[in-house]
Amino acid sequence: MASLVAYEDSDSEAETEPAGSFHPVGQMEDTSAMLRPPEQDFGSRVLDATGGWAPSLVCGSHDDPTTCRLPLARLWSQDPGSCPSQRLRWPRPEPEATLPASPPARPSLWTSQAPAGHVPLAAARSKQVRVCWEPSGSPKPSLPKPSLDARTGSEGPGKGSSSLQRKRREDCVVPYIPKRLRPLQALSTETDSGKDTEARGPLAGRVPAPLCVAPEVSEFIQPYLDSQYKETKIPKTVLFHLRGHRGPVNSVQWCPVSARSHMLLSTSMDKTFKVWNAVDSGSCLQTYSLHSEAVRAARWSPCGRRILSGGFDFALHLTDLETGTQLFSSQSDFRITALRFHPRDHSVFVCGGFSSEMKAWDIRTSKVVRSYKATIQQTLDILFLREGSEFLSSTDASSRDSADRTIIAWDFQSSAKISNQIFHERYTCPSLTLHPREPVFLAQTNGNYLALFSAVWPYRMSRRRRYEGHKVEGYSVGCECSPDGDLLLTGSADGRTLVYSFRTASRARTLHGHTQACVGATFHPVLPAMLATCSWEGDVKIWH
């Protein structure tokens with residue numbers, strides 16, 4: 001027993017326990033006295049970047065630099081009654097050391113947490129923290145450990161380090177900041193982090209910046225403003241390939257005002273909708289991230305200065321492009337898939353979605369003014385007829401008599417059904433479009449054809465004219481007529497864009513522009529030979 005006590009009180013640096021052993025209370029025991037060959041004695045010195053020997057740390061393992069710690073046995077010899085392992089435990093969030101070629105890393109936790117009265121001590125410690133060393137055979141940089149006396153804060157032994165390495169250590173010294181200036185520094189740090197977050201991308205619900213649009217009209221559109229639209233020409237080549245969405249693009253729409261028709265609106269499943277300059281430069285003017293889920297529907301207001309959007313997050317927003325503010329914001333009780341402004345009263349719009357009910361909202365009061373209920377599953381599209389007193393809804397009904405409710409005509413004022421005996425074939429119609437000159441409308445069907453209907457009661461379907469050749473296959477493929485009414489445009493599930501002659505129902509041209517489903521296509525309202533298409537792969541193409 002006497003020999004055991006003499007061994008514990010001795011100042012010898014030899015230890016009998018293996019490297020990395022633990023104390024019963026969870027503290028690491030000292031292993032600095034293990035005998036090592038001179039070339040593996042990391043406890044006294046390591047080879048620095050200049051070829052000289054510099055002071056370093058005690059390593060318990062040559063291959064595991066993370067087990068490096070201070071020479072506890074030497075410090076213990078000064079005061080055997082102390083607990084060096086508890087006093088010298090290295091903080092866990094210590095930043096990793098960087099290679100000499102990397103930029104200077106952040107200062108040590110010792111320096112950042114040093115009290116005000118011990119600035120010289122913190123500075124002396126920080127000079128020894130940044131010891132850049134890399135054991136042979138270890139591809140990863142190790143955690144730095146200072147080689148200094150923990151009780152006095154003096155520099156460790158070894159003065160043979162190079163001037164380059166000494167300069168690198170001195171750069172890590174952090175100046176003392178008075179207490180009255182620390183809140184200002186924290187505030188500036190939060191401001192910088194906010195700027196970084198905004199640079200990465202706007203968050204959902206953040207007010208977007210105003211849209212910077214030049215007041216002058218596009219030079220390509222100016223010659224066509226004073227003349228009447230004559231004839232639509234079929235485009236041949238791609239003018240712009242607009243990339244920016246990270247998800248499928250659901251729809252595209254040109255600004256309805258002729259002087260602002262160089263702007264294109266696109267909605268996407270990536271929770272955003274964008275405004276592009278699709279005529280002059282093909283650049284993105286603004287990205288709006290107001291929704292927390294996919295944006296399924298968005299429409300230009302008839303004045304061309306606002307955008308109404310609805311998404312799968314049940315939210316409805318009316319955004320002013322010039323100021324970036326939200327003029328109207330509300331929550332629906334279903335996911336929004338279809339939006340339409342009233343053709344005469346522009347303060348009223350109708351929305352539908354994953355519900356058997358459609359609602360008419362008044363922007364001035366932010367309230368629901370009318371409801372339209374039917375035993376349906378989902379509203380796919382909404383189409384107002386010319387006078388606005390009636391509108392059509394395309395539904396996704398799944399029952400035995402679903403053919404009787406695929407297309408329903410409604411009276412806007414009384415919310416009553418006018419007719420539900422319009423389309424008698426057992427196909428759903430994902431989109432509807434109105435002819436600009438004749439009292440007819442067309443419906444895109446999942447039977448891979450476009451059907452033609454009369455736009456007046458009793459809304460009969462034409463049996464002699466049908467537009468076939470494209471594929472729908474369950475996608476919400478859109479269709480549209482040209483401004484003069486001579487051509488009919490539709491996308492296809494195989495990526496094609498097809499142009500039909502409205503009179504003869506023959507195919508005029510097929511455009512191969514997308515590798516996935518082309519779900520949206522629209523003619524420019526002013527330029528006679530320009531159209532835009534969007535696809536499920538997330539891109540938009542402008543054809544000319």
Applying side-chain hydrogen bond (donor to acceptor under 3.5 Å, both in side chains), run through T287 and K274 and close with a yes or a no.
CA-CA 5 Å; T287 300; K274 294 177 180 287; 2.7 Å; yes

For V519 and C534: C-alpha separation, side-chain torsions, deciding distance, then whether side-chain contact (heavy atoms from CB on, under 4.5 Å) applies.
CA-CA 6 Å; V519 294; C534 64; 4.1 Å; yes

Ring pair (Phe, Tyr, Trp, His ring centres under 6.0 Å): pairs with one or both residues in residues 515-535, sequence neighbours excluded
W254-H524

Ignoring hydrogens and angles, state whether a donor on the side chain of [X] or [Y] is under 3.5 Å from an acceptor on the partner side chain.
X: W410; Y: S393; result: yes
X: E425; Y: T445; result: no
X: N277; Y: S283; result: no
X: S251; Y: T267; result: yes
X: T232; Y: D484; result: yes
X: H262; Y: D280; result: no

Would you say [X] and [Y] make side-chain contact, with heavy atoms under 4.5 Å?
X: F502; Y: R465; result: yes
X: M269; Y: F312; result: yes
X: F240; Y: V279; result: no
X: K359; Y: S371; result: yes
X: S476; Y: L380; result: no
X: F220; Y: M530; result: no
X: N448; Y: K471; result: yes
X: V295; Y: N250; result: no

Heavy-atom closest pair, residues [X] and [Y]:
X: E438; Y: R386; answer: O-NH2, 2.7 Å
X: F384; Y: F341; answer: CD1-O, 3.6 Å
X: L498; Y: S492; answer: CD1-CB, 3.9 Å
X: V477; Y: C518; answer: CG1-O, 3.8 Å
X: T433; Y: C481; answer: OG1-N, 4.0 Å
X: P256; Y: S301; answer: CG-O, 3.6 Å

For [X], does the [atom1] atom sit with more than 12 other heavy atoms under 6.0 Å from it, leaving out its own atoms?
X: Y224; atom1: OH; value: no
X: Y229; atom1: OH; value: yes
X: R509; atom1: CZ; value: yes
X: R306; atom1: CZ; value: no

From CA spacing to verdict: side-chain hydrogen bond (donor to acceptor under 3.5 Å, both in side chains), W457, S419
CA-CA 8 Å; W457 192 86; S419 175; 4.9 Å; no

Between [X] and [Y] (salt bridge meaning N to carboxylate O under 4.0 Å), is one present in this structure?
X: D313; Y: K271; value: no
X: R370; Y: D411; value: no
X: E322; Y: R260; value: yes

From [X] atom [atom1] to [Y] atom [atom2], the distance as rounded to the nearest 0.5 Å:
X: Y467; Y: L452; atom1: OH; atom2: CG; value: 5.5 Å
X: S431; Y: E480; atom1: OG; atom2: CD; value: 10.5 Å
X: S329; Y: I363; atom1: OG; atom2: CD1; value: 11.5 Å
X: H514; Y: D494; atom1: NE2; atom2: CG; value: 11.5 Å
X: L316; Y: F349; atom1: CG; atom2: CZ; value: 5.0 Å
X: F354; Y: R335; atom1: CZ; atom2: CZ; value: 7.0 Å

Please work out which of the three classes, parallel, tilted or perpendicular, describes the rings of [Y] and [X], given edges at 30° and 60°.
X: F273; Y: Y288; result: parallel
X: Y372; Y: F391; result: perpendicular
X: F423; Y: F453; result: perpendicular

Taking the six-membered ring for Trp, are Y459 and F441 ring centroids under 6.0 Å apart?
no

Under the side-chain contact (heavy atoms from CB on, under 4.5 Å) criterion, do F412 and E387 qualify, and how do the steps go?
CA-CA 11 Å; F412 178 76; E387 299 299 327; over 6 Å; no

Strictly distance-based, threshold 3.5 Å: is any side-chain N or O of [X] a donor or acceptor partner for the main-chain N or O of [Y]?
X: H245; Y: G247; value: no
X: T337; Y: A297; value: no
X: H291; Y: E293; value: no
X: S268; Y: R246; value: no

Kindly determine whether T406 and I422 satisfy side-chain contact (heavy atoms from CB on, under 4.5 Å), including the steps that lead there.
CA-CA 8 Å; T406 301; I422 301 175; over 6 Å; no

Go through the steps for W300 and M263 under the test side-chain contact (heavy atoms from CB on, under 4.5 Å), then give the verdict.
CA-CA 10 Å; W300 287 97; M263 294 188 296; 3.9 Å; yes

Please confirm whether R466 makes a cation-pi placement over Y449, using NZ or CZ under 6.0 Å from the six-membered ring centre and within 45° of the ring normal.
yes

